[in-house]
Structure formats: structure tokens, C-alpha cells
Amino acid sequence: MTYIRTNAALRGKRIAFLAAVAGISVMLGAGAASAATVVKWLHLELDPTYVAKWEEIAKAYEEKHPDVDIQMQFLENEAFKAKLPTLLQSDDIPDFFFSWGGGVLKQQSETGALQDVTAALDADGGKLRNAYSAASVSGLTFDGKVWAMPYKVGLVSFFYNKELFAKAGVKAEDIKTWANFLDAVKKLKDAGIVPIAGGGGEKWPIHFYWSYLVMREGGEKVFDAAKKGEGEGFLDPAIVKAGEDLAELGKLEPFQPGYLGSTWPQTLGVFGDGKAAMILGFENTEANQRKNAGDGKGLSPENIGRFNFPAVEGGAGKVTDTLGGLNGWAVTKKASKEAIDFLAFLTNAENERSMAKAAMLLPVAVGADDGVTNSLLAQSAKELAASTWHQNYFDQDLGAAVGRVVNDVSVEIVSGQMNSQDGAQQIQDAFELEQ
């Protein structure tokens, strides 16, 4: 695989050095060069603005460390997932790569391909560990060992088109419960408006609904028990009830025509083009709907609002329980100390603040929160700050095999192809196969 060499200054030095060696060799007949330490960075970021910011940070590091060469490689999301296992066993293994955390990271840690970074975090009295939020470090820890350097935290919540809400007479502040949400969907439909932009083609966008409903119905205790194989597992009544809630939404036909074939970019485009009133998406939805809208502009920030996933009356979960990513950079076994040092630099408070100002992330570095200046991102940051339980995406947390079943079941339940009890049974069966 080809990595992009970013260290222009180092390349210039190499040229000068080679010229010098050529001159000296005339007199001495010999010359030697000391190679730079190469740090290979594998990512899957499509946004050129984000990549440019990373290149800027890499250049700043290389200027301070002229004997380090940071090389970046891109893989598209699905290709990344498909090729990473093979890549980790190859001679072209990267020093670090993007990780969603959860069960996938845990499985990778068990292969022996990753480096335990606990010692690096705890060096100098835990200086580096204390530079990150405790939740971000904890979420990347398995069996007392940290398997990735924290990078960012994410949040899934509802975004809505204010003009379409006003047209239908719906007020976001009135959506406190699941029943309120279903009422809003009905009002929007009655006004001739598609209530929700849904991405059924890739399936995982629909699993957000099932996941949040499980959290609201059962709370942390029920989900943790299911993950540990305790009690009734994924057949717990609260989990079955969550699927019934999702089926109730599906019966209202809330999504745009053809949503079962829609990719996530297409779904963002539906919302950005004003063809649906709501979307359940990531914290960066405002920016991404613009990129995917037909006119490249999308909805104006002033026309977009957001609200938490509503509570479920009688459920054990809290409206302050949040779902979203906890991303890090997984360090491979062969990575050098320079690679870890660069990662500490990439994710320090100054650089995380800079990335937050560019609306790239919600930071995990302590003291970087003031970089979140975008209004909608700031609202997400505020919600996360008040979170009583932050849960990683279910399809990541439960591992790839079980996660795929969760995604499949979520789509089949909301589309009326499967009932909740059967869906819970399929997830439980998949879970037991992995044990």
C-alpha cells in the first residue's frame, strides 16, 4: 500500500544529505545515511478539510521532530473494515489506525496485533492519562489494559427542520416522551410532510432507534446483563418491549419512499434538501447534510434544531442516557515510541481545541471544550457533559458478528418483516454463538 509522505522538510534534508554524500564519496569512497523513523497512519476520513487539518498538525510535529516522517493512508469505510484484519498481519501494517472502540477493538486486542498503551498513559505519574476525560480512557479499556489512544466522543440525537415543524404545528420542546414523538410523526404526515429521513440501505442508521429504545426501556443494568450473558440476556422483557416500540413507529411509515435502499449520504441529502422533517444522526449532521444536499448548501444552520432521544414512559432508562461513538487510535504491536508520542501530540488540548473549532469533533482532551463554537455541536457537548450513561454504538460494542444481526433485526422490525420477540431471539442466538 502507498502512504502519503507529508514531511517536505525531511525530504529536502534527504536531498541535501545525498548530495553531500555524493561529494564526500569522491574523496572517501563511502557514505552512510541514517533513515528517519517512519510513522504510518491509517484513516478513513473522506472530508478533505479534515484531512488538511491533520496534515497541518503532522507538519507541526515533523518540524519539531525532523527525524520523524508521518505518512498518511486512506481507506474507504467498508474497504477499511474488509481489509484491516489482513493488513494487521501483513508487512505493511500501519503504526496506528482509526477505531470505533467497543467489541471490535476488544477482539482486535485479543489477536495480539495491538499494543497495550497503558504504560504510556501512566508514565510520569499518569500525565497523559489525566490529559483525557476519564470516560474516554475507560471506554477503550478491557481487562485493565488500554488498547487505543482517545480521540473523540460522539452523540446520536435528533435534528429537525424548523420550517417544516412550524408548518405542521409541531414544537420540538414538546417532544419529551416516545408517545410525544409518535404524535409529532403523525402531525407531520397529516401535513403532507415526510417525518423522518431513514437510511435502511446500510442498516446501521436504523439500529440507532432500536439501541436507544433498549436504553430507554431497560436502562444500563439490563443492557450490561445482556452483554455478560446474565439473566434473560437479549430476551429480557424490556428489550423485547423496545422492539415493540420500534415496530409501532414502523407502522406509521415515517420514512421517505425507498428508504430501505438509501445509503447514509443519500439519507443526509434527503434531510438537507428539505424532503424530510427529522433525522436521527451524529453530532456533525449539520455539516454533513450540507455536503450531501443536491445544491451543496443544504439547510441553513438557523433552520436546524436538535433534541434528545425522548424518554419512554415507565422505562428504567433516563433521558440523560446517551448513545454515540467513543473513537480512538489503535496502536499496533510494531509501533515505535515516536508513533505514540505523535498520537499524544495529535490529541493534546491545543490540537483537539483546533479540531473542535473546525467542527471536526467533540474533544476528549481535558480543557479543549472551549473550542466547540458551532451552536449545534455545543448543544451536543452540553448534553454529553450531563450524560448519566454514555453507551458506544451497539453494533460496535457487541462485536462485528452480533452487531450485524442487530442492524439486520432493526431494519426488519421497523419495516414489519419481523416481530420483536423473533428479533430478540436472533440477537441472543448470535450472541451465544460468539461465546
Side-chain angles (χ1 to χ4, degrees), residues 77-78 81 100 102-104 156 158 178 181-182 185-186 189 194-218 222-223 226-227 232-268 270-271 276 278-282 309-310 312 315 317 323 391-435:
N77 185 60
E78 294 306 313
K81 293 177 181 177
W100 288 277
V104 174
V156 173
F158 277 107
W178 184 245
F181 179 75
L182 296 180
V185 168
K186 293 172 186 174
K189 288 207 68 154
V194 172
I196 312 171
E202 294 182 48
K203 298 186 178 182
W204 57 260
I206 302 298
H207 108 284
F208 293 155
Y209 292 86
W210 186 82
S211 301
Y212 253 131
L213 287 166
V214 168
M215 293 173 67
R216 296 293 188 259
E217 288 285 7
V222 165
F223 184 62
K227 284 199 302 181
E232 297 180 71
F234 289 94
L235 291 170
D236 188 280
I239 295 179
V240 175
K241 178 63 167 59
E244 292 170 355
D245 295 337
L246 181 58
E248 189 177 7
L249 172 65
K251 290 174 183 176
L252 298 179
E253 298 183 348
F255 304 116
Q256 78 277 13
Y259 80 96
L260 287 174
S262 294
T263 64
W264 183 241
Q266 290 169 338
T267 305
L268 286 161
V270 170
F271 181 70
M278 292 181 280
I279 187 170
L280 184 59
F282 306 108
F309 195 96
V312 173
L323 175 73
Q391 171 59 45
N392 196 4
Y393 309 118
F394 280 26
D395 63 342
Q396 295 295 329
D397 197 28
L398 296 172
V402 181
R404 279 193 295 272
V405 178
V406 167
N407 292 342
D408 290 344
V409 163
S410 298
V411 171
E412 291 184 26
I413 289 176
V414 81
S415 60
Q417 301 175 62
M418 178 183 292
N419 64 47
S420 179
Q421 182 71 38
D422 289 345
Q425 185 67 61
Q426 285 200 14
I427 295 169
Q428 181 65 23
D429 291 345
F431 175 80
E432 291 177 1
L433 279 173
E434 289 297 296
Q435 302 311 300

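- Put simply, CG on D408 and NE2 on H207 are 12.0 Å apart, with the number rounded to the nearest 0.5 Å.
- Nearest heavy atoms, S410 versus W210: OG-CB, 3.3 Å.
- Counting heavy atoms from C-beta on, the side chains of V222 and I239 come closer than 4.5 Å.
- The shortest distance between side-chain heavy atoms of W204 and V406 does not fall below 4.5 Å.
- Between F208 and F282, the ring centre distance stays below 6.0 Å.
- Between F309 and L280 there is a side-chain heavy-atom pair separated by less than 4.5 Å.
- The existence of a salt bridge linking R404 and D395 is excluded, since no basic side-chain nitrogen approaches an acidic carboxylate oxygen closer than 4.0 Å.
- Within the 4.5 Å cutoff, the side chain of F255 has no heavy atoms near those of the V270 side chain.
- The backbone N or O of A197 sits nowhere less than 3.5 Å from a side-chain atom of T267 that would complete a donor-acceptor pair.
- By the side-chain contact (heavy atoms from CB on, under 4.5 Å) test, D429 is found to be paired with Q425, residues two or more places apart in sequence or in another chain being considered.
- Scanning both residues, N392 and L323, for their nearest heavy atoms gives O-CD1, 3.7 Å.
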> Should K241 and E244 be marked as a side-chain contact (heavy atoms from CB on, under 4.5 Å) after you check the CA-CA gap, both sets of side-chain angles, and the distance that decides it?
Replying inline: CA-CA 5 Å; K241 178 63 167 59; E244 292 170 355; 3.5 Å; yes
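- In terms of modelled atom types and a separation under 3.5 Å, the side chain of R216 and the main chain of G315 share no donor-acceptor contact.
- For the pair I196 and F181, the minimum side-chain heavy-atom distance is below 4.5 Å.
- Here the closest heavy-atom approach between residue Q417 and residue L260 is recorded as NE2-CD1, 4.4 Å.
- Under the 4.5 Å side-chain criterion, counting only non-hydrogen atoms from C-beta, E217 is in contact with D245.
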>> Using the rule given for side-chain contact (heavy atoms from CB on, under 4.5 Å), can you reason through Q266 versus T263, listing the C-alpha separation, both sets of side-chain angles and the distance that settles it, and then say yes or no?
In response: CA-CA 5 Å; Q266 290 169 338; T263 64; 3.2 Å; yes
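- E232 approaches P237 most closely through the heavy-atom pair OE2-CD, 3.6 Å.
- Under the 4.5 Å side-chain criterion, counting only non-hydrogen atoms from C-beta, F394 is in contact with F223.
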> Going through the checks in order, is the side-chain contact (heavy atoms from CB on, under 4.5 Å) test met by W100 and K81?
Replying inline: CA-CA 11 Å; W100 288 277; K81 293 177 181 177; 3.7 Å; yes
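- Nearest heavy-atom pair across Y259 and G198 is CB-O, 3.5 Å.
- Closest heavy-atom contact between G199 and I206: O-CG1, 3.9 Å.
- The ring pair (Phe, Tyr, Trp, His ring centres under 6.0 Å) analysis of residues 408-435, with sequence neighbours excluded, yields the pairs F234-F431.
- Inter-residue side-chain proximity for E253 and S415 is flagged as unmet; no heavy-atom pair is nearer than 4.5 Å.
- Although no hydrogens or angles enter the test, the distance criterion places a donor-acceptor pair under 3.5 Å between the side chain of K189 and the main chain of L252.
- Between the side chain of E202 and the main chain of W264, a donor-acceptor pair closer than 3.5 Å is present.
- Going from atom CG of L249 over to atom NZ of K251 covers 11.5 Å, rounded to the nearest 0.5 Å.
- Atom CD in Q428 sits 10.5 Å away from atom CG in D236 (nearest 0.5 Å).
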